[in-house]
Engineer: 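Okay, handing you the structure first.
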Amino acid sequence: MNSASPEQQAEQLRERVRFLEETNLHYVAILDILAGCGDLQSGISDTRSSVQIMHSTADKVKRLIPFGVMAFCAIGDDGGFELAFCEPENSAPVIQEEIDARIMDGTFAWALNQNHPVIVSTSDGEQTLLLHVLETPSRIRGMFAGVLPGGHGNVEVSTLNALSIILTYTAYTLENSTLYDMLRDHMHNLEQKVQERTTELEAARLQAEAATRAKSDFLATMSHEIRTPMNGIIGMAELLTDTRLESEQLGYLRNISISADNLLVIINDILDFSKIEAGRMELDPYPFNPRDVMETALTPLQLKAAQKRLALTFAVAPDCPAMVTGDGVKFRQILLNLVSNAVKFTQQGAVNVELGRVGGEGDEVTLQLTVRDTGIGMTPEVCRLIFQPFTQADNSTTRSFGGTGLGLAISRRLAELMGGSIAVESREGGGSTFTLQVGFKPLAPDSQQSLAALPKPATPSASAATARDILLVDDVEINQELVRIVMEKQGHRVTIAADGAKAVAAFRDGRFDLIFMDIQMPVMDGFQATRAIRELEEERGGHIPIVAMTAYAAAGDRQKCLDAGMDAYISKPVMPEAIIAAINRQAGASPSVPPPPAPVPSQTAPGDGPAEGPRPPVFDRDALLGRLGGKSEMIPRFTAMFAGSVTSALERLHEAMASGDADQLHRQAHTIKGAAANIGAERLRGCAIRLDELAKSREIDDAPALLEELESEFDLFMNEVQGEQ
């Protein structure tokens, strides 16, 4: 029982309240100090030294405990402790003396192994020395030493705990600072090493580029010197073939020629690529006809395709300009690379080449060359690499097909040099499509400029007043070309339709002075087309002369032509004189009364005559030369076109034979028959006639034997015309 008076009890309560308030304020101050310990970590990534960290710690400790002297000892390089910080600075000897004394009596070592403050009296016994290790889990960072006046009993446990927290923060901060310093040094050294390595690599790059330029310059400079002896070897080998040789020697010589030709192709590829790499390939623009470039470039490839039984076709879009200015030589080189690759990597099927206009106005037109094949195709990965130098689809491709792997790389570089581009789409086993787009400057807005590129006519040409607009209707390309050349050499303007339906559409939309009409055509034949044209004339008036072109000229066939509304006819194979005469007759004819047709003797197929008669030639070169007006340089082009046409027709004949389609047999045999007549392949024509008659009679039991004979005669023809290339 408390005997204190009420006044005494009240005073005791007030004293207790003051104590609690002071305690709370003390704890609030401690919490505030501890909350500020996070500031020790801030700015470590900057250039803060360990002394600056110790100074910040001293400021916080001073708020917690009023030490008269504070010091930090750091571990030196030799493992000993050195005084690193003292406040005030003039007390350094005093604190150092106390630390040395504690080292001697073992107190310092004992304090290193404690995780709390160690408090002892100073040497004079009048003050208190507090030691506290600065330690992290990885290592000891140093020792804190502080001197308090008087005894140490007046320091509360909570305050000492707070001091431990602050000094632990300090130890971690010193460790982090050291790590950041090491990291900065490492980064600095790394940057120096990277810079040194970059300098070395740049020097190596410049040296490699210089070596590459030197190599390319050397190869480009040596181009003439390398090609000259190779051309000499090839030329002398050709001359040697004309001398008297034994068969064994001739075989060796042919192998030499083949190897020399192959080597020259490889040398040309390497030298062209080196010239491009050296920056010595320049453009040489000049006016040229894209269609003529395609025809002359593809002629030898059509023969090569025909030997593989491939159909190689090309088409030029109507909106393609007739004359452009650009580097036609490089355009031709790209064309040859793309098409020769397509033929090489296609074992069956077809290669289709198309040239058209895809854009451009005014001073520039963009032409697009598309080469499609049904060959081995490529994977997406190969498509990404195929334009890189020395790249082919895979090793097996190299073994099977050969080549340097430079053709497409050269083509892309040439296209880029011309301001164009090349792309490829392909599927393994499903063929490939290469697309070239390049810009040229058109010379004229119409196709009349193409006449300037034709050879000068050997016979008097039509004057501007008598030049005719002629519609030529035929489904066989070689027939179209033979007749077109004859007509255009006479100064006439020719529009071509590939079947009767297209002829009717062209007549409906255009104005023509004369029509030359083939009879046997797909979609709509010549008879049907003529009747449709006559019906249109009944609606709008007028009468356009129509000249039939037929492989037969018997009396019954003549009457069929007249009954269909035709005015005259010429027989196949067509001769230049017959075409010119027909044009001249119709030009002078009355527009309402057709002149009587000139009698044409009935023709029979070669080989249908008596057995004792002379056998027709495999290739009647003189007859073809006569149709070409004596231009022997045009023979390779037309034999190649013929080879492509027959190859395609043979494929369809096999399909018709397999399905028993007599109508298709008749159409394809008729196509070969007409083309063979124009080209001078007389024995092949005879086989086609017999197969055609058999198909028309619909008795096709003997057709397989005739088809085999037809293919044999085609092979003989190809061997015969090989010397024309």
Side-chain angles (χ1 to χ4, degrees), residues 318-319 446-448 462 464-476 479-480 483-484 486-488 490-572 574 578-600 663 666-667 670-671 674 696:
D319 61 347
D446 54 61
S447 61
Q448 296 302 313
T466 59
R468 303 291 174 178
D469 288 305
I470 300 176
L471 177 60
L472 173 60
V473 189
D474 201 307
D475 63 315
V476 181
N479 299 341
Q480 297 171 359
V483 178
R484 179 184 67 82
V486 173
M487 292 178 175
E488 288 187 346
Q490 296 299 308
H492 302 298
R493 297 173 291 274
V494 181
T495 300
I496 295 177
D499 58 57
K502 293 178 180 177
V504 174
F507 174 77
R508 182 186 295 111
D509 299 335
R511 297 184 63 84
F512 300 97
D513 302 309
L514 185 60
I515 297 177
F516 276 73
M517 181 79 72
D518 186 26
I519 299 300
Q520 184 73 41
M521 293 181 295
V523 183
M524 179 185 286
D525 64 28
F527 294 138
Q528 296 169 328
T530 299
R531 294 189 184 97
I533 290 173
R534 295 306 183 212
E535 291 175 359
L536 288 173
E537 287 179 336
E538 290 180 2
E539 298 175 2
R540 65 186 189 186
H543 180 90
I544 184 170
I546 299 178
V547 178
M549 297 185 296
T550 175
Y552 292 103
D557 297 305
R558 180 168 57 247
Q559 191 59 45
K560 286 181 182 179
C561 294
L562 298 177
D563 292 344
M566 297 178 180
D567 300 274
Y569 59 87
I570 56 176
S571 61
K572 293 182 178 179
V574 293
I579 296 172
I580 296 171
I583 294 174
N584 292 337
R585 283 197 304 269
Q586 298 306 318
S590 168
S592 58
V593 181
V600 179
D663 291 334
H666 161 60
R667 283 193 294 271
H670 183 86
T671 296
K696 287 193 291 186

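In this chain, numbering begins with 1 at the start of the sequence shown.
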Engineer: I need the minimum non-hydrogen distance between Gly491 and Ala467, along with the two atoms involved.
Structural biologist: O-CB, 3.5 Å
Engineer: So do Ile470 and Phe512 actually touch side chain to side chain, heavy atoms under 4.5 Å?
Structural biologist: no
Engineer: Go through His492 and Ile583 one step at a time and tell me if the side chain to side chain contact (heavy atoms under 4.5 Å, CB included) criterion holds.
Structural biologist: CA-CA 10 Å; His492 302 298; Ile583 294 174; 3.7 Å; yes
Engineer: Between Asp567 and Val547, is there a donor-acceptor pair closer than 3.5 Å when you use the side chain of the first and the backbone of the second?
Structural biologist: no
Engineer: Would Asp499 and Met524 satisfy side chain to side chain contact (heavy atoms under 4.5 Å, CB included), going step by step from the backbone distance to the final call?
Structural biologist: CA-CA 6 Å; Asp499 58 57; Met524 179 185 286; 5.5 Å; no
Engineer: Taking the side chain as every heavy atom from C-beta outward, state whether Met517 and Ile533 have any atom pair closer than 4.5 Å.
Structural biologist: yes
Engineer: Please give me the minimum heavy-atom distance between Ala548 and Ile519, naming the atom from each residue.
Structural biologist: CB-CD1, 4.1 Å
Engineer: Out of curiosity, Arg508 CZ to Leu536 CG, how far, rounded to the nearest 0.5 Å?
Structural biologist: 5.5 Å
Engineer: Got a second to check how far Cys561's SG is from Ile546's CD1, nearest 0.5 Å?
Structural biologist: 11.0 Å
Engineer: Using side chain to side chain donor-acceptor pair (under 3.5 Å) as the criterion, point out the one residue from Arg667, His670, His666 that pairs with Gln520.
Structural biologist: His666
Engineer: Please confirm whether the backbone N or O of Ile544 pairs with a side-chain atom of Glu537, one donor and one acceptor, at under 3.5 Å?
Structural biologist: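 Here the side-chain-to-backbone pair exists.
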Engineer: Is any side-chain heavy atom of Pro522 closer than 4.5 Å to one of Asp475?
Structural biologist: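 Of all side-chain heavy-atom pairs linking Pro522 with Asp475, at least one is under 4.5 Å.
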Engineer: Give a yes or no on whether the backbone of Asp525 and the side-chain of Gln528 come within a donor-acceptor separation of less than 3.5 Å.
Structural biologist: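 Yes.
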Engineer: Do Arg585 and Tyr569 meet the cation-pi criteria used here (NZ or CZ under 6.0 Å from the six-membered ring centre, within 45° of the axis)?
Structural biologist: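 Negative - Arg585 is either too far from the ring of Tyr569 or too far off its axis.
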Engineer: Does the pair Ile496 and Arg484 meet the rule for a side chain to side chain contact (heavy atoms under 4.5 Å, CB included), with working shown?
Structural biologist: CA-CA 8 Å; Ile496 295 177; Arg484 179 184 67 82; 3.8 Å; yes
Engineer: Check whether any side-chain heavy atom of Phe516 sits under 4.5 Å from a side-chain heavy atom of Val473, and report yes or no.
Structural biologist: no
Engineer: Please give me the minimum heavy-atom distance between Thr530 and Ala564, naming the atom from each residue.
Structural biologist: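 Thr530 and Ala564 have their closest heavy atoms at CG2-O, 3.1 Å.
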Engineer: Other residues, nucleotides and ligands only: do more than 12 of their heavy atoms fall within 6.0 Å of CZ on Arg540?
Structural biologist: yes
Engineer: Would the distance check show the side chain of Arg534 and the main-chain N or O of Gly565 forming a donor-acceptor pair, the cut-off being under 3.5 Å?
Structural biologist: yes
Engineer: So, do Leu514 and Leu471 sit near enough that their side-chain heavy atoms are less than 4.5 Å apart?
Structural biologist: no
Engineer: Distance-only, no hydrogens or angles: does the Gln480 side chain make a donor-acceptor pair with backbone N or O of Asp474 under 3.5 Å?
Structural biologist: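 Yes; judged by distance alone, with no hydrogens or angles, the pair exists.
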Engineer: Measure across Val523 and Ala501 and return the closest heavy-atom pair with its distance rounded to 0.1 Å.
Structural biologist: CG1-CB, 3.7 Å
Engineer: Say you draw a straight line from CE of Met521 to NZ of Lys502; how long is it, rounded to the nearest 0.5 Å?
Structural biologist: 11.0 Å
Engineer: Which pair of non-hydrogen atoms, one from Gln586 and one from Pro545, has the smallest distance, and what is that distance?
Structural biologist: OE1-CB, 3.3 Å
